[in-house]
Asker: 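Below: one structure in structure tokens.
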Amino acid sequence: QVQLVESGGGLVQAGDSLRLSCAASGRAFSRYTMGWFRQAPGKEREFVAGIGWSGISTNSATYYADSVKGRFTISRDNAKNTVYLQMNSLKHEDTAVYYCAADYFGVVGPNAAYDYWGQGTQVTVSS
């Protein structure tokens, strides 16, 4: 089991950058595929980015929604039990609550069975 706590959200202007962090407590963090999702007011939650569990290779596979590809980067630091979402060139439409999620040995991407979720962090981008 793993507990997730997001941080790093805030109010920024369009074009700015933010880095979100998701700290995990529990065992075997490296065995979890991690994902970032977001939910804007009045909209369904949507997948943003995912990073696979760390196997023999030190480089975990990543997957991005088309809407953030080229602007957002997901990464993980297993020594710190943390996954990051670097968000550059932010747009007003990126405004949402961002959630971190985990799936034990899951596939990378929106179809993973994310069993564990954080409480979310608000990102607001003013235009």
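Atoms considered below: every heavy atom in the structure, side chains included; atoms not considered: hydrogens, waters and symmetry mates.
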Asker: Between Y64 and I74 (side chain of the first, backbone of the second, donor and acceptor by atom type, cut-off under 3.5 Å), is there such a pair?
Answerer: yes

Asker: How far apart are the C-alpha atoms of W53 and F105, what are their side-chain angles, what is the distance that settles it, and do they pass the ring-ring contact (aromatic ring centres under 6.0 Å, His included) test?
Answerer: CA-CA 6 Å; W53 56 274; F105 279 138; 4.8 Å; yes

Asker: Identify each donor-acceptor pair in which a side-chain atom of residues 21-28 lies under 3.5 Å from a protein atom, sequence neighbours left out, and give them as a table.
Answerer:
| residue | atom | partner | partner atom | Å |
| --- | --- | --- | --- | --- |
| S25 | OG | Q3 | OE1 | 2.9 |

Asker: Using the rule that Ile, Leu, Val, Met, Phe, Trp and Tyr join whenever any side-chain heavy atoms are under 4.5 Å apart, tell me whether F37 and I51 fall into a single cluster.
Answerer: no

Asker: A side-chain contact here means heavy atoms from C-beta on lying under 4.5 Å apart; do V12 and M87 qualify?
Answerer: no

Asker: Would you say T124's side chain and L11's backbone share a donor-acceptor pair under 3.5 angstrom?
Answerer: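 No, the answer is negative, given that no donor and acceptor are paired below the 3.5 Å cut-off.
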
Asker: Taking only distance into account, with no hydrogens and no angle test, what donor-acceptor pairs under 3.5 Å do side-chain atoms of residues 111-121 form with protein atoms, sequence neighbours excluded?
Answerer:
| residue | atom | partner | partner atom | Å |
| --- | --- | --- | --- | --- |
| Y114 | OH | G109 | O | 3.1 |
| W117 | NE1 | Y114 | O | 3.2 |
| T121 | OG1 | G9 | N | 3.2 |

Asker: With distance as the sole criterion, is a donor-acceptor pair present between the side chains of T82 and D77 under 3.5 Å?
Answerer: no

Asker: With a 3.5 Å distance limit and no angle check, can you tell me whether R76 reaches the backbone of F29 through a side-chain donor-acceptor pair?
Answerer: yes

Asker: Between CE of M34 and CG of N78, what distance do you get to the nearest 0.5 Å?
Answerer: 10.0 Å

Asker: Have a look at V68 and tell me which of V48, L90, L85 forms a side-chain contact (heavy atoms from CB on, under 4.5 Å) with it.
Answerer: V48

Asker: Do R38 and S67 touch side chain to side chain, with heavy atoms closer than 4.5 Å?
Answerer: yes

Asker: Less than 4.5 Å apart, side chain to side chain, heavy atoms only: is that true for Y104 and R31?
Answerer: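 Result yes, sub-4.5 Å side-chain heavy-atom pair found.
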
Asker: Taking only residues two or more places apart in sequence, or in another chain, which ones meet Y63 in a side-chain contact (heavy atoms from CB on, under 4.5 Å)?
Answerer: F47, V108, P110

Asker: Is any side-chain heavy atom of F72 closer than 4.5 Å to one of N88?
Answerer: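 Side chain of N88 against side chain of F72, heavy atoms only: no contact under 4.5 Å found.
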
Asker: Flag yes if more than 12 heavy atoms outside K69 fall under 6.0 Å of its NZ atom; otherwise flag no.
Answerer: yes

Asker: Assigning hydrophobic clusters by single linkage (Ile, Leu, Val, Met, Phe, Trp, Tyr; side-chain heavy-atom cutoff under 4.5 Å), is W36 placed with L4?
Answerer: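 Yes, W36 connects to L4 through the hydrophobic network.
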
Asker: Spell out, as yes or no, whether a donor-acceptor pair under 3.5 Å connects the side chain of R71 to the backbone of S89.
Answerer: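 Checking the backbone N and O of S89 against the side chain of R71, a donor-acceptor pair under 3.5 Å is found.
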
Asker: State, to 0.1 Å, how close A40 and A96 come at their nearest heavy-atom pair, and which atoms those are.
Answerer: N-CB, 3.8 Å

Asker: Quick check: closest heavy atoms across A102 and V2, and the distance to 0.1 Å?
Answerer: CB-CG1, 4.0 Å

Asker: Are the side chain of H92 and the backbone of S126 linked by a donor-acceptor contact shorter than 3.5 Å?
Answerer: no

